[in-house]
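Here's the structure we're looking at; comments come further down.
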Amino acid sequence: MSQALASLLPLDGFPGAGTGPLYLKLRQTLEDAIRTGRLGHGDALPAERDLADYASVSRVTVRKAVDDLVKDGLLLRRHGSGTFVVKPVSRVQQPLSQLTSFTEDMARRGFVTRSEWLERDLFTPSPDEIMMLGLGAVDTVARLGRLRLANDMPMAIERASLPPDILPDPQAVTGSLYAELQKSGVRPVRAVQRISACNIQNADAALLAMPVGAAGLSIERISYLKSGRVVEFTRSLYRGDAYDFVAEMTLADS
């Protein structure tokens, strides 16, 4: 165990080197291992007892160092499973002036995207879906729920609802939803988005590999055809550490 830890966490004279609290030195050692890739995304952190024995510090010191990295989003505790590394993400600037899909946004940046499906079928609509999409009480609704990943990093949870005549077969969507709608000539041409800050909770935090309570962006989008018909009602949750939404503003006419 010590040899394995030495390759991951070279101590370089720790704990005697320099001054300052031991937990900060250990925290920096762990952070360096994460940022240099010695500890990769999804790797399990060694047990507190093993880290304490290896670094010749108390378990309280180890716990304090780990707590700091959890707060910073570099480590994630999973109840009953352990503590895991979360790879730092590069922030993405997303302009608000263009109606594009997640796949298109990430492709322009050279990212490889994929999805993990959470749901993809026809369902009985909720009251919100009936109201937003103009559905009847006996209608069904097409729902697409998926975890969106870029370069294997969880980026967003997206839950889209569409009228069944617009998307009669949700299973046909295997990649970009807008590309599928384009084939039928029903891709939306404009949308209204509402963005609000939130704290990511429970199951969503686990999907996004984020600590419970971490900052997120909740986005509600209503998309329209040229005729003015609503064809998409989407609620998405984005990592707060991964996105900067950018809007260009000009001086209003006086």
Side-chain angles (χ1 to χ4, degrees), residues 92-108 113-150 155-198 200-201 203-204 207-208 216-240 242-250 252:
V92 172
Q93 285 197 353
Q94 174 62 47
L96 294 175
S97 58
Q98 298 174 336
L99 181 55
T100 55
S101 69
F102 176 87
T103 303
E104 292 166 338
D105 290 338
M106 296 300 108
R108 283 201 302 268
T113 63
R114 65 181 181 87
S115 298
E116 294 180 3
W117 289 102
L118 307 176
E119 61 179 356
R120 180 175 40 163
D121 214 331
L122 295 172
F123 297 89
T124 300
S126 69
D128 280 349
E129 290 168 329
I130 290 174
M131 180 178 67
M132 291 293 186
L133 298 173
L135 302 176
V138 297
D139 286 334
T140 58
V141 65
R143 280 192 206 141
L144 304 173
R146 48 187 165 171
L147 175 66
R148 311 305 302 265
L149 301 98
M155 299 290 280
I157 299 169
E158 184 182 272
R159 297 180 173 97
S161 303
L162 300 95
D165 63 314
I166 296 295
L167 186 65
D169 181 14
Q171 297 292 330
V173 180
T174 57
S176 168
L177 169 61
Y178 281 7
E180 187 65 31
L181 296 179
Q182 183 76 43
K183 296 177 184 177
S184 304
V186 288
R187 175 171 176 154
V189 297
R190 72 179 182 92
V192 176
Q193 283 196 156
R194 176 176 297 171
I195 303 174
S196 57
C198 66
I200 302 173
Q201 299 299 322
D204 288 339
L207 287 171
L208 291 172
L217 292 170
S218 175
I219 301 177
E220 183 177 285
R221 175 189 283 189
I222 303 172
S223 303
Y224 301 82
L225 295 179
K226 189 175 183 179
S227 65
R229 181 187 177 186
V230 175
V231 291
E232 178 196 20
F233 172 46
T234 297
R235 285 158 290 189
S236 302
L237 180 61
Y238 285 77
R239 296 175 63 122
Y243 275 87
D244 289 321
F245 285 88
V246 180
E248 180 179 351
M249 294 179 287
T250 58

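Heavy atoms only: backbone and side chains are in, while hydrogens, waters and symmetry mates are out.
Salt-bridge check for Asp165 with Arg229: passed, with a basic side-chain N closer than 4.0 Å to an acidic carboxylate O. Ion pairing between Asp204 and Arg159 holds under the 4.0 Å rule for side-chain N and carboxylate O.
With contacts defined as side-chain heavy-atom distances shorter than 4.5 Å, the pair Tyr224/Val189 does not qualify. Side-chain contact check for Ile219 versus Thr234: every heavy-atom pair is 4.5 Å or farther apart. Between Leu237 and Leu217, the closest side-chain pair of non-hydrogen atoms is not below 4.5 Å. Contact annotation: the side chain of Val141 never approaches that of Leu122 to less than 4.5 Å [non-hydrogen atoms, C-beta and beyond]. Residues Leu144 and Leu167 meet the side-chain proximity criterion, which asks for heavy atoms closer than 4.5 Å.
With hydrogens and angles left out, the side-chain atoms of Ser115 and Arg148 include a donor and acceptor closer than 3.5 Å.
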Hey, mind stepping through Glu232 and Leu177 against side chain to side chain contact (heavy atoms under 4.5 Å, CB included) and telling me if it holds? CA-CA 10 Å; Glu232 178 196 20; Leu177 169 61; 4.0 Å; yes
Assess whether side chain to side chain contact (heavy atoms under 4.5 Å, CB included) is satisfied between Val173 and Leu181, documenting all intermediate values. CA-CA 9 Å; Val173 180; Leu181 296 179; over 6 Å; no
Show, in sequence, the C-alpha distance, side-chain angles and deciding distance for Leu149 and Glu116, and conclude whether the side chain to side chain contact (heavy atoms under 4.5 Å, CB included) test is met. CA-CA 8 Å; Leu149 301 98; Glu116 294 180 3; 3.9 Å; yes
Let's go through Arg235 and Glu158 carefully: what are the C-alpha distance in whole Å and the side-chain angles of both, what is the deciding distance for salt bridge (Lys or Arg N to Asp or Glu O under 4.0 Å) to 0.1 Å, and is it a yes or a no? CA-CA 6 Å; Arg235 285 158 290 189; Glu158 184 182 272; over 6 Å; no
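Expressed to the nearest 0.5 Å, how far CH2 of Trp117 lies from OG1 of Thr174 amounts to 8.0 Å. Rounding to the nearest 0.5 Å gives a distance of 10.0 Å between CZ of Arg146 and CG of Leu118. Here the straight-line distance linking atom CZ of Phe233 with atom CD of Glu129 works out to 7.5 Å at 0.5 Å rounding. One finds the CG atom of Leu147 at 6.0 Å from the CG atom of Leu208 (value rounded to the nearest 0.5 Å). Rounding to the nearest 0.5 Å gives a distance of 12.0 Å between CE of Met132 and OG of Ser223.
Closest heavy-atom contact between Arg143 and Ser161: CG-OG, 4.0 Å. Nearest heavy atom pair, residue Pro188 against residue Val231, reads CB-CG2, 4.0 Å. When all heavy atoms of Thr140 and Leu135 are compared, the closest pair comes out as O-CD1, 3.9 Å. Closest heavy-atom contact between Arg190 and Val192: NH1-CG2, 4.4 Å. Nearest heavy atom pair, residue Arg221 against residue Ala191, reads CG-CB, 3.8 Å.
Within the cation-pi definition used here (under 6.0 Å to the ring centroid, within 45° of the axis), Arg187 does not qualify as a partner of Tyr178.
Pro170 pairs in a side-chain contact (heavy atoms from CB on, under 4.5 Å) with only one of the listed residues (Arg120, Glu180, Glu119), which is Arg120.
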